[in-house]
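Residue numbers begin at 1 in each chain, while the letters A, B, ... track the order of the sequences.
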Amino acid sequence: MASYQAPRGMRDLLPEEAAGMDALLAVVQARALRYGYPRMVTPVVEERRVFIKTTGESSDVVSKEMYEVRLGGEGDLALRPEATPAIARAFLDAGLHRSPRPQRFFAYEAMFRGQRPQKLRYRQFWQWDLECFGAPEASVDVEIIDFTNGLFREVGLTGYEIRLNTIGDDRCRARVRETLAAYFRRHLDALSEVSKRRVETNVLRVLDSKEPQDRPLVDGAPAILDLLCDEDRRHFADVREGLTGLGVPFTVTPTLVRGLDYYTRTVVEFVLTAPEYEGIAVAGGGRYDGLFRTMGAEDMPGTGIAGGMDVLYYALKQEGVAVAEDPKPDVYVVSARPDDAANRMQLAAPLRDAGFTVAIDYSTRPLDRQLESAVKHGAKVAIIAGTPEARGGYVIVRDLTKKEQRNTRLAAVVTEVGRHVRPRPLPTLWRPPADPDQMEQGAAGETPYLQDPRD
RNA sequence: GCGGCAUUGGUGUAGCGGUUAGCACAGCAGAUUGUGGAUCUGUUAGCCCGGAUUCGAAUUCCGGAUGCCGCCCCA
């Protein structure tokens, strides 16, 4: 047992997991970009009040799961428990509420909650996140749900269902709250302790109670949908219609209310259905038209959704999806000569430039040991230097899987290696695109550009 | 945060008051003056931490830490 261990509820992502998370991130981020959501990055810590005012003092996330940090004697900071308030803060901080609306953002960050760890529930976990500020239309609600559904289809996740509900906007919800509170107050004695408290703090959560003794009362409670205003009902109808039109399946779940205070109208959860992970949410979100007002800013509608990257990763693994390529190097350089480290590096250089993943054995062990080690490190190809037959500008390229090899001129090593393993694409910085005027026009037989009669 | 169960080399485990704490895999070294995952030999490495009971504790008890399950809630 090691003397040191990761802090409670936190864990290390070893290379295989890290590679998986990177691969997922690449997919999510590219998809976000395609939907018009560029990435924004915010600090790991925020002032506590950023979350207290928005996520809500009565929410569990704030009331008992905030991971607080201090610098010297100063407190009032917390590791971010979720993305939305932080992004809204950054948005206001930068004056982006003056920019043309709506504004869309993607985020991918580690989140922290001081909860008791359990399967797929950590104190540090990673979320991808979409936020759209400044659009009141139900279509944006549809858009983020469609995005998420499409994302899961893209990565191959099948075992989940979409739960959808509406909780009304600020004005109508006041009436919903009053009506429900009044109803539950009449039957207070029959309620569980938690629910009794929630009647006063957040009555909607009583509907979500899992206490068996609350079931009859909850079942007999007035339905939220019946208490909403016409606009809320229309909004919800538009969301459902939009989803149905896109072929996105969902289940209306009247008891779904979610624990964050800022939600209005649409709330949605993507819940895993596999037996091992049943009931675990892999994404969740909704509309929060009141968020900016709670932050003291001018009113602005908003919609967002967040997904657990860890949950997604493990759910995919559980479904047998190969998330990422093995991060082990494909090529290993070994040598029979003890003191030729520089030569081994020179052999690796052109292969690396060509995109192959190459590791070097610098040891002076016997060749058989080095080859055995190369195999155990997962290499597919070995470059063998320093043997009698590989003298005078030659080297052996050996396919460790097929156990075939070829004495190869140095100039041909890259080509020869390419016959056995594929190079990885090299990431690049942005380069200017080719001049559109020089691109072939009307290649598909269409008129190159639409004419505007005003021109 | 509440309740329950668990914790033995790197990994998986045996041990159930007195054992040099056993085994398998992995690691390292050699047999093999050098083209490998085999075999054999050797070797490294462990009772989560602290206290108590006892002549004696990996084993019992109490605290703590961590993990898992349920609750709460959520990604």
Side-chain angles (χ1 to χ4, degrees), chain A residues 1-11 14 55 58-66 80-84 108-129 148 160 163 192-195 197-198 202 205 208-212 256-260 267 269-272 276-277 279-285 305-315 332 334-338 361 363-379 381-390 396-401 403-407:
Chain A
M1 188 62 69
S3 320
Y4 298 99
Q5 51 189 313
R8 179 166 213 196
M10 303 190 181
R11 68 211 193 286
L14 300 180
T55 310
S58 70
S59 71
D60 282 20
V61 168
V62 162
S63 67
K64 49 190 217 193
E65 294 178 0
M66 284 267 268
R80 59 167 112 68
E82 56 145 348
T84 306
Y108 171 72
E109 305 289 351
M111 303 294 161
F112 300 84
R113 288 184 200 170
Q115 60 195 343
R116 191 129 160 192
Q118 237 164 280
K119 180 167 58 184
L120 261 38
R121 300 188 49 203
Y122 303 104
R123 288 186 170 183
Q124 175 178 351
F125 54 98
W126 284 266
Q127 280 188 343
W128 59 265
D129 179 83
T148 308
Y160 67 93
R163 296 183 186 163
S192 65
E193 287 309 310
V194 232
S195 294
R197 210 166 351 103
R198 285 188 181 142
N202 189 347
R205 293 270 302 285
D208 207 16
S209 167
K210 277 158 192 121
E211 297 286 333
L256 175 66
V257 295
R258 295 183 61 79
L260 310 183
V267 288
E269 266 180 17
F270 287 65
V271 183
L272 296 176
E276 294 88 339
Y277 295 149
I280 294 176
V282 65
I305 193 161
M309 203 66 118
D310 326 54
V311 179
L312 179 57
Y313 175 76
Y314 291 111
Y332 237 77
V334 304
S335 173
R337 287 225 315 276
D361 190 325
S363 76
T364 55
R365 296 182 284 188
L367 203 49
D368 60 343
R369 288 270 165 214
Q370 294 187 44
L371 282 165
E372 185 180 335
S373 173
V375 170
K376 284 179 177 169
H377 280 93
V381 170
I383 309 296
I384 307 170
T387 59
E389 62 269 51
I396 296 168
V397 175
R398 180 174 177 83
D399 187 315
L400 294 167
T401 314
K403 305 196 177 193
E404 296 166 359
Q405 65 185 39
R406 178 177 287 187
N407 213 18

For RNA chain B, what string of dots and brackets results from 5' to 3' when Watson-Crick and G-U pairs need both distances under 3.5 Å, crossing pairs get [ ], and pairs with another strand get |? ((((((((.[[[[.)..(...]]]].(((((.......)))))....[[[[[..)....]]]]])))))))....

Give one of base, sugar-phosphate or nothing for Leu312(A), where a contact means two heavy atoms less than 4.0 Å apart. nothing

When all nucleic acid strands are considered with a 4.0 Å heavy-atom cut-off, which category describes Glu82(A): base, sugar-phosphate, or nothing? nothing

Base, sugar-phosphate or nothing for Gly378(A)? Non-hydrogen atoms, less than 4.0 Å. nothing

At 4.0 Å (heavy atoms only), tell me whether Gln405(A) reaches a base, stays on the sugar-phosphate, or touches nothing. base

Arg365(A): which residues meet the salt bridge (Lys or Arg N to Asp or Glu O under 4.0 Å) condition with it, sequence neighbours left out? Asp361(A)

Val375(A) near the nucleic acid: base, sugar-phosphate alone, or nothing, with a heavy-atom cut-off under 4.0 Å? base

In terms of heavy-atom contacts, Ala379(A) and Leu400(A) come closest through O-CD1, 3.6 Å

Hits for side chain to side chain donor-acceptor pair (under 3.5 Å) against Thr148(A), two or more places apart or cross-chain, chain-then-number order -> none

Go through the structure and list residues passing side chain to side chain donor-acceptor pair (under 3.5 Å) with Gln118(A), not counting sequence neighbours. none

Residue list, side chain to side chain contact (heavy atoms under 4.5 Å, CB included) with Arg406(A), at least two apart or on another chain: Thr408(A), Glu416(A), Arg419(A)

Counterpart residues, side chain to side chain contact (heavy atoms under 4.5 Å, CB included), relative to Thr364(A) (two or more places apart): Pro338(A)

Look at Lys119(A) and rC69(B) and indicate whether a side-chain polar atom (N or O) is within less than 4.0 Å of OP1 or OP2. yes

Protein within reach of the bases, or only the backbone? For nucleotides 29-34 of chain B, mark each nucleotide 5' to 3' as B, S or -, using heavy atoms under 4.0 Å. -B-B-B

Among rG27(B), rG70(B), rU35(B), the one nearest Ile384(A) by side-chain distance: rU35(B)

Tabulate atom names and distances for all N/O pairs under 3.5 angstrom spanning the protein and nucleotides 64-67 of chain B.
| residue | atom | partner | partner atom | Å |
| --- | --- | --- | --- | --- |
| rG67(B) | OP1 | Gly9(A) | N | 2.5 |
| rG67(B) | OP2 | Arg8(A) | NE | 2.9 |

Indicate, with a heavy-atom threshold strictly under 4.0 Å, whether Phe270(A) touches base, sugar-phosphate, or nothing. nothing

Where does rG34(B) fall, syn or anti, if syn means a chi angle no more than 90° from 0? syn

Of all residues at least two apart in sequence or in a different chain, which pass the ring-ring contact (aromatic ring centres under 6.0 Å, His included) check with Tyr160(A)? Phe152(A), Phe270(A)

Residues forming a side chain to side chain donor-acceptor pair (under 3.5 Å) with Asp399(A), sequence neighbours excluded: His420(A)

Identify, with sequence neighbours excluded, every residue that meets side chain to side chain donor-acceptor pair (under 3.5 Å) alongside Arg121(A). Gln115(A)

Can you list every salt bridge (Lys or Arg N to Asp or Glu O under 4.0 Å) pair that touches residues 368-379 of chain A, not counting sequence neighbours? Arg369(A)-Glu372(A), Glu372(A)-Lys376(A)

